[in-house]
Amino acid sequence: MTIGGEGTVRVRIAPSPTGYFHVGTARTALYNWCLARAAGGAFIVRIEDTDRERHQEEQYEGILSALRWLGIDWDDGPYRQSERSALYDIVLDALWDASHLYACDCSREAVVARTKGNATPGYDGYCRARGLERGPGRALRFRVPDDGVTVVHDLIRGDVEFANRTIEDFVVAKSNGDALFVLAVVADDRDMRITHVLRAEEHLPTTPKAVLIWEALNETAGRVPLPAFAHLPLLVNAKRQKISKRRDRVAIEDYRAQGFLPEAMANYLALLGWSFPDGREFFTPADLVEAFRLEDVNHSPAFFDEQKLLHFNGVYIRALPLEEFTARCRHWAQETGGLDVSVLSSPEWGVLAPLVQERVGVLGDVGGYVGFLFDETFAVEDESFEKAVRRDEEAPAILFEVRERFGGAASFEAAGLKQALEEVAELHQRRLGKAQAPVRVATLGRTVGLPLFESLEVLGQARVLDRIDRALERLGGGAD
RNA sequence: GCCCCCAUCGUCUAGUGGCCUAGGACGCCACCCUUUCAAGGUGGUAGCACGGGUUCGAAUCCCGUUGGGGGUGCCA
């Protein structure tokens, strides 16, 4: 059996390399991929780089690496529209020969001038009857029927009707001869026998144009069944606007660099516009493939909520076996340089890892939790020092007494250290939680962080005593 | 302006005419646990945009209004 052969599902993702790979594109890719996997069909990657001036070559690899990172594999491609212009020329010729196209030499300014004040929007078809020949400097426009209705059958929204008179004679080829995306898409979708076109809602208004071209080609270039369309709800920002590369943080690459797990990202993304039939929120890609149905996709825009994504990521991180957690950290550290990898193979890490794992939201948080281990970067936070040490009248005494006991400790391990601090706490009639604050800030640098005694144990006696001394000095010297 | 889409807690959603005094999740608040912070546990806050219909009965169907969004490029 051929993968995605005749009669099976064939879908594609068609990103354009004009910026970083977008979370919205990722979700579209994911749903497409689900459709293909569920049906044993084919998922195709096709880079839409028909606009040579706009596309950024470095984004080409970025798209593919983002897809791979998310675990979205493809069966065919990646194709690049920039390498398929021969196909578009053939399609253009067929359309031209059947009089579906006409040449137009109106400048942009001329079009604007002609259009202003017209009842029907867009180009008024001035060149329709001028009988211009094709040639350099002349764009090619599609002759849209004056009457009738073009219907887009949408699997999510039902039939959407567009009166033909509201569709202008749109350009399908630039005056330099290059095909425009609406033409290239149809040519490719026909050529690749795409059965389902799943894309963001923003494309809905241009879909009737694609339908018109497709039907015209069916008359002249051989019949290929129209694909089923499905327009996914937009992903929006907090202001309910379509998330954009300029305004919002949308790059998959950013989230990856920050230490989000791909499985958490994919899981969260799947939930934007769709929900699992039994209401569960956590599921594997295999579960998703099995349960996903296009008809269940929502109609309304969804807010990309980083807070909820962060929660998902935390859940996924905590679910990792400890070894795997460390492996992920190492991988992330190597990739981003966000953390000294040697830490991860140190004995200290062996003790701290489980404590870190249950606290981080993203892998990028790890450094903040283990930073106290590095003398080069260790510094007591001023704000924390003020709050927990300077403003605590008993802090000097507590630090002094703790230092006495820690200094005399035969073995420097968590249980003993805790006991020592408990004794000091009792002397000051404080709960342990209150008594440990000055010590925590003096030794770990912040009021919040990993459990104190385990941290002190791995820090070691010498460094702990030294840091307490430094805090006492700072108190003495800086006593206003 | 014109074309198109959309409308349940702040957010993501369940809900497809009676099971809804509308369920879950994130967030937020409180309490519990507790060596800080997290995590975990318990409880709480908060919503069917509005107006007409249809129906014995409407969050669910129809119409309108309002609101939001997308498109309107020789971009994708």
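Side chains included, hydrogens not; waters and symmetry mates left out as well; all remaining heavy atoms used. Just so we're on the same page: letters track the sequence lines, and every chain starts at 1. Source: prediction; values computed, not measured.
- In this structure, A/Glu454 and A/Glu161 both approach RNA chain B, and ranking their closest nucleotides by distance from the 5' end singles out A/Glu161.
- With rounding to whole Å, A/Glu168 atom CD is found 7 Å from B/C74 atom P.
- Residue contacts shown for A/Thr166 are limited to sugar-phosphate atoms, with no base heavy atom under 4.0 Å away.
- The number of heavy atoms from other shown groups lying within 6.0 Å of CD (A/Glu295) is above 12.
- Under the stacking criterion of a centre-to-centre distance below 5.5 angstrom and an interplanar angle below 30°, A/His311 is not stacked against the six-membered ring of B/G27.
- Atom name P, nucleotides B/U13 and B/G52: the rounded distance is 30 Å, in whole Å.
- Taking the centre and axis of the six-membered ring of A/Phe170, the NZ or CZ atom of A/Arg141 falls outside the cone set by 45° and 6.0 Å.
- The partner of B/U21 cannot be assigned: no Watson-Crick or G-U wobble pair with both contacts below 3.5 Å exists in any strand.
- At the phosphate of B/C5, neither OP1 nor OP2 sits under 4.0 Å from any side-chain N or O atom of A/Arg240.
- Heavy atoms of A/Phe312 sit nowhere under 4.0 angstrom from any nucleic acid atom.
- OP1 or OP2 of B/U35 lies within a sub-4.0 Å distance of a side-chain N or O belonging to A/Lys418.
- Between the CZ atom of A/Phe229 and the C1' atom of B/C5 there is a distance of 16 Å, rounded to whole Å.
- At least one donor-acceptor pair closer than 3.5 Å links the side chain of A/Asn313 to the backbone N or O of A/Leu261.
- In this structure, A/Asn298 does not reach the B/C12 phosphate: none of its side-chain N or O atoms is under 4.0 Å from OP1 or OP2.
- If you check every strand for non-hydrogen atoms under 4.0 Å, A/Gly273 touches sugar and phosphate atoms only.
- Spacing between atom CZ of A/Arg280 and atom P of B/G24 amounts to 18 Å, rounded to whole angstrom units.
- Residue A/Glu306 contributes atom CD, which lies 18 Å from atom P of B/C26 at whole-angstrom precision.
- Using a 3.5 Å distance cut-off with no hydrogens or angles, the side chains of A/Tyr88 and A/Asp188 do pair a donor with an acceptor.
- Comparing the P positions of B/U72 and B/A30 gives a spacing of 48 Å, expressed to the nearest Å.
- Atom C1' of B/C74 sits at a distance of 40 Å from the matching atom of B/C12, rounded to the whole Å.
- The side chain of A/Thr50 contributes an N or O atom lying less than 4.0 Å from OP1 or OP2 of B/A76.
- The base-pairing partner of B/C2, taking Watson-Crick or G-U wobble contacts with both distances under 3.5 Å, is B/G71.
- Heavy atoms of A/His231 sit nowhere under 4.0 angstrom from any nucleic acid atom.
- For the pair A/Tyr268 and A/Asp159, nearest-nucleotide mapping onto RNA chain B gives the more 5' position to A/Asp159.
- For the P atoms, the distance from B/G41 to B/C62 is 41 Å, rounded to whole Å.
- Residue contacts shown for A/Leu180 are limited to sugar-phosphate atoms, with no base heavy atom under 4.0 Å away.
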When you look at A/Val458 and A/Phe412, which way does the side-chain contact (heavy atoms from CB on, under 4.5 Å) test go after all the steps? CA-CA 9 Å; A/Val458 301; A/Phe412 208 74; over 6 Å; no
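- A donor-acceptor contact under 3.5 Å links the side chain of A/Ser175 to the base of B/C74.
- Comparing B/G10 with B/A22, their P atoms sit 15 Å apart, to the nearest whole Å.
- Between A/Lys209 and B/G71, a side-chain N or O to OP1/OP2 separation shorter than 4.0 Å is absent.
- What separates CZ of A/Phe325 from P of B/A39 is a distance of 15 Å, to the nearest Å.
- Side chains of A/His428 and A/Glu401: a donor on one and an acceptor on the other come within 3.5 Å.
- Between A/His299 and B/C6 there is a side-chain polar atom (N or O) within less than 4.0 angstrom of OP1 or OP2.
- One N or O donor and one acceptor, one from the side chain of A/Arg359 and one from the base of B/U36, sit under 3.5 Å apart.
- Atom CD of A/Glu423 has more than 12 heavy atoms from other residues, nucleotides or ligands within 6.0 Å.
- Across all strands shown, B/A59 remains unpaired; no Watson-Crick or G-U wobble contact has both distances below 3.5 Å.
- In this entry B/U42 has B/A30 as its Watson-Crick or G-U wobble partner, both defining distances falling under 3.5 Å.
- Look at B/U36: it lacks any Watson-Crick or wobble partner with both distances under 3.5 angstrom.
- We find that CG of A/Asn164 is positioned 19 Å from P of B/U72, with the value rounded to whole Å.
- Nucleotides B/C20 and B/G57 place their C1' atoms 13 Å apart, quoted to the nearest Å.
- Atom pair A/Asp296:CG and B/C12:P shows a separation of 18 Å (rounding to whole Å applied).
- Of the candidate nucleotides B/A25, B/G70, B/A76, B/G70 has the atom lying nearest to any side-chain atom of A/Pro205.
- The pairing partner recorded for B/C50 is B/G64, the criterion being a Watson-Crick or G-U wobble arrangement whose two distances lie under 3.5 angstrom.
- Between B/U21 and B/C26, the distance separating the two P atoms is 26 Å to the nearest Å.
- Between A/Phe276 and A/Trp274, the ring planes are perpendicular. Angles over 60° get that label, and only those under 30° would be called parallel.
- Rounded to a whole angstrom, the distance from the C1' atom of B/A76 to that of B/U16 is 36 Å.
- Residue-level contact check: A/Phe181 touches the bases, meaning some heavy atom is under 4.0 Å from a base atom.
- Rounded to whole Å, the distance from CD on A/Gln436 to P on B/C37 is 8 Å.
- Listed pair A/Lys174 / B/G73 fails the phosphate criterion, with no side-chain N or O lying under 4.0 Å from OP1 or OP2.
- Panel note: side chain A/Tyr102, backbone A/Arg143; no donor-acceptor pair is recorded below 3.5 Å.
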